[in-house]
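Have a look at the structure below before the remarks.
Residue numbers start at 1 and run along the sequence shown. Computed from a prediction, not measured in an experiment: that's the story for all the values here. Whatever order the structure lists them in is the order used to number ligands and atoms, beginning at 1.
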Amino acid sequence: MSTIGDGTRAVRAGLPEPQQYEPTLPGPVFAAHFHLSGEPVGPYTYGRETNPTWTHLEKAIGELEAPGEEVVTTVFASGMAAISAVLFSQTRAGDIVVLPNDGYQALPLVREQLEAYGVEVRTAPTGGDAQLAALEGAKLLWIETPSNPGLDVCDVRKLVEAAHAGGTLVAVDNTLATPIGQRPLDLGADFAVASDTKGMTGHGDILLGHVTCRDADLAAGVRRWRKVVGAIPGPMEAWLAHRSLATLQLRIERQCATALTLAEALTKRSEVTGLRYPGLPSDPSYPVAVRQMRRFGSVVSFELADRETAERFLEALRLVDDATSFGGLRSTAERRGRWGGDAVSEGFVRFSVGAEDPEDLLADVAQALDAATR
Ligand code: PLP
């Protein structure tokens, strides 16, 4: 299935072989345990270890992350569960981990926990491939590109090459791009990780995460971690996620196209500064992004004069919800500084572009900017 297009792949991803009188996508299997006599051998034994609804979803995500390849995907209850599974299953006391210092705002909490277990953590910014300088002796390099919320991009191939040369594993948080935008395993990473709460599922109604790897031993460690910690997705969430994947390409294509249009429009607004969108040719991320990304994501970031201006802007938007998260079909925006975890100015806005008609969205943003800066 590696020669077909993204849209075709998305609508068919993970579907079982057709069976007379069975649905195309089997419904969620709600089971804590399965009939099991004799030796406790799978595929389905106990609901914390495996579930047929996960199996379909994991197959689907694997097809999207690495078309035509044998990979192992493990789904989790959230993106953080997936991130923690990689970091805590692969590292031991005395190991060194390199994290970005400008990634998702829960990473400092992960850092504290790793350090509490005796793992040394180094950090460096995403932009300028600055993590390269921190790799010496590291067990694992954690990349988040584009970074959230600053939208810096690093050269994954270059970082992977340097990391692997020194025996360092590489994980990429691909939440912002989704596999429609970029495929970390193709770029050489050992783990493609994501919060599927965002663009992957796109409806803003479930939390989910996944880890995909080629190497069976690495995957076994991740799966073992899920079994030990029990951060498993509910069958209903897993099924809803699979249902949502059918529209992944449609949604992401539309959202990315509108995000670029919005970014271009914002370049013409004098009250907007610090505009970032990796797909904008004038953006510092563009030269690297254009080499490794196929689509540039649904998030646009920018700054308004101060906190009050940003709040007035968010208040004046009619088609855009003031809410956190991103990647959903309904546009959302927020003043990121309200959380206190990111190194951003008080007027910094993270804008997640949805699937509204572009002209409606652009008109709404224009009137809200007018209202906020009048
Ligand atoms: N990774 C990134 C880049 C994120 O933005 C987020 C959440 O915003 C996460 C991971 C965590 O995902 P979840 O909220 O599903 O645990």
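Of all atoms in ligand 1, listed by their number and element, those nearer than 4.0 Å to a heavy atom of Asn148 are 4 (C), 5 (O). Taking every heavy atom of Ser195 and a limit of under 4.0 angstrom, the matching atoms of ligand 1 come to 9 (C), 10 (C), 11 (C), 12 (O), 13 (P), 15 (O). Using a 4.0 Å cut-off to heavy atoms of Asp173, the atoms of ligand 1 that qualify are 1 (N), 2 (C), 3 (C), 10 (C). Close contacts between ligand 1 and Glu144 involve ligand atoms 3 (C) [criterion: under 4.0 Å to a heavy atom]. Ligand-side atoms of ligand 1 in range of Lys198: 6 (C), 7 (C), 8 (O), 12 (O), 14 (O), range being under 4.0 angstrom from any heavy atom. Listed by number with element, the atoms of ligand 1 under 4.0 angstrom from any heavy atom of Met80 are 11 (C), 12 (O), 13 (P), 16 (O). Atoms of ligand 1 found under 4.0 Å from any heavy atom of Phe326 (numbered from 1 in listed order, with element): 5 (O).
Minimum interatomic distance between Ser285 and Leu151 (heavy atoms only, all atoms of both residues): OG-O, 2.9 Å. The two residues Ala238 and Leu57 come nearest to each other via the heavy atoms O-CD2, 3.7 Å. Residues Ile96 and Gly137 come closest through the heavy atom pair CD1-O, 3.7 Å.
Of all protein heavy atoms, the one closest to atom 11 (C) of ligand 1 is Tyr104 CE2, 3.5 Å.
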Side chain to side chain contact (heavy atoms under 4.5 Å, CB included) between Leu304 and Val272, worked out: CA-CA 5 Å; Leu304 295 175; Val272 170; 4.1 Å; yes
Criterion side chain to side chain contact (heavy atoms under 4.5 Å, CB included) on Leu248 and Arg9, from CA distance to verdict: CA-CA 10 Å; Leu248 180 68; Arg9 187 174 299 113; over 6 Å; no
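Between Arg223 and Glu58 there is a salt bridge, since at least one side-chain N of the basic residue sits less than 4.0 Å from a carboxylate O of the acidic one.
Residue Ala81 has no nitrogen or oxygen atom sitting less than 3.5 Å from a nitrogen or oxygen atom of ligand 1, judged on distance alone. An N or O contact shorter than 3.5 Å links Thr197 to ligand 1 by distance.
Heavy atoms of Leu176 found under 4.0 angstrom from ligand 1: none, in either backbone or side chain.
Using cut-offs of 30° and 60° on the angle between ring planes, the pair Phe351 and Phe313 is tilted.
Glu65 and Thr73 form no side-chain donor-acceptor contact under 3.5 Å, judged by distance and modelled atom types alone.
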